[in-house]
K.L.:
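Got a structure for you, written out below as structure tokens; questions coming shortly.
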Amino acid sequence: MSIEKTEKKTEAGEEAQPVTETTGAAAYCGPTVKGIAPQYTVFVDGLPEKLKEKVEQVPFLKALIVPLDKLAEMRVKIEQDGTRENILYKKATDLMK
């Protein structure tokens, strides 16, 4: 697992919110997106712009980004056949090929 720190950008005094609408660290649990985010990357200060753009292109990836305190639970759900998270992960894996 890697940890990356990204810049928070503000515009007109407003704080930029990560795509997941969570505060604090968030973990990307989807399959590795080459050049953007390896699986289980933790982002401390919001998501990088490239990942946000990818989530806009593939909206269900948003469900694979969780607050850091939910990472262990998400890993279990991704590995359990038939769970919503497992299905979304497999769908994302097929798209990334």
Side-chain angles (χ1 to χ4, degrees):
M1 173 170 53
S2 62
I3 296 179
E4 293 186 21
K5 188 171 182 173
T6 58
E7 292 181 32
K8 266 191 180 174
K9 296 182 181 178
T10 59
E11 190 172 321
E14 296 176 9
E15 250 183 78
Q17 292 295 316
V19 175
T20 58
E21 298 176 10
T22 61
T23 56
Y28 170 71
C29 300
T32 297
V33 181
K34 290 186 181 187
I36 298 176
Q39 184 179 24
Y40 301 124
T41 299
V42 174
F43 298 99
V44 178
D45 290 325
L47 302 177
E49 287 302 315
K50 286 184 178 183
L51 183 56
K52 289 180 184 180
E53 290 170 11
K54 191 67 172 178
V55 170
E56 285 179 21
Q57 295 168 1
V58 186
F60 66 85
L61 286 179
K62 184 176 180 178
L64 297 172
I65 301 171
V66 297
L68 190 55
D69 62 343
K70 302 287 183 189
L71 177 58
E73 180 182 335
M74 179 62 124
R75 288 184 74 158
V76 170
K77 288 180 178 180
I78 285 174
E79 293 175 14
Q80 288 178 334
D81 284 336
T83 63
R84 174 180 179 263
E85 294 79 5
N86 176 264
I87 292 166
L88 291 174
Y89 181 84
K90 286 179 181 179
K91 185 175 178 181
T93 300
D94 290 342
L95 263 177
M96 301 299 169
K97 288 182 182 178

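Predicted model, so just to flag it, every value in this text is computed and none were measured. The analysis underlying the following values was restricted to heavy atoms, covering all of them including side chains, and did not include hydrogens, waters or symmetry mates.
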K.L.:
Any non-hydrogen side-chain atom of Val33 less than 4.5 Å from a side-chain atom of Tyr28?
P.N.:
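Touching, per the 4.5 Å side-chain cut-off.
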K.L.:
Looking only at heavy atoms, what is the nearest atom pair of Thr32 and Gln39, with distance?
P.N.:
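So the minimum-distance heavy-atom pair works out to OG1-N, 3.1 Å.
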K.L.:
Side-chain heavy atoms nearer than 4.5 Å, only ILVMFWY residues, links allowed to pass through others: does that put Ile78 and Leu95 together?
P.N.:
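Shared cluster, yes.
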K.L.:
Among Lys90, Arg84, Glu85, which one satisfies side-chain contact (heavy atoms from CB on, under 4.5 Å) with Leu88?
P.N.:
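The passing option is Arg84.
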K.L.:
Supply the atom-to-atom distance Lys54 NZ to Leu47 CG, rounded to the nearest 0.5 angstrom.
P.N.:
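These two atoms lie 14.5 Å from each other.
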K.L.:
If only atom types and distance count, is the side chain of Thr93 paired as donor or acceptor with the main-chain N or O of Tyr89 below 3.5 Å?
P.N.:
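Judged by distance alone, yes, a pair lies under 3.5 Å.
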K.L.:
Would a 4.5 Å heavy-atom cut-off, applied to side chains only, mark Gln80 and Asn86 as touching?
P.N.:
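The answer is no, as the side chains (C-beta and beyond) never meet within the 4.5 Å cut-off.
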K.L.:
Determine the minimum heavy-atom distance between Gly82 and Ile87, stating which atoms define it.
P.N.:
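Looking at all heavy atoms of both residues, the shortest contact is O-CD1, 3.7 Å.
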K.L.:
Checking Thr83 side chain against Lys77 main chain: does a donor-acceptor pair fall under 3.5 Å?
P.N.:
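Yes, the answer is positive, given that a donor and an acceptor are paired below the 3.5 Å cut-off.
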K.L.:
Looking at every heavy atom in both Cys29 and Met74, which two are closest together, and how far apart are they?
P.N.:
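In terms of heavy atoms, the two residues are closest at SG-CG, 3.6 Å.
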K.L.:
So, Glu49 and Lys52, do they make that salt bridge, N to O below 4.0 Å?
P.N.:
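Here Glu49 pairs with Lys52 in a salt bridge, since their nearest N and O are under 4.0 Å apart.
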K.L.:
Decide yes or no for Met96 and Pro31: does some side-chain heavy atom of the first lie under 4.5 Å from some side-chain heavy atom of the second?
P.N.:
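Side chain of Met96 against side chain of Pro31, heavy atoms only: contact under 4.5 Å found.
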K.L.:
Give me the atom names and distance for the closest heavy-atom approach of Ala37 to Phe43.
P.N.:
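Closest pair (atom of Ala37, atom of Phe43, distance): CB-CZ, 4.0 Å.
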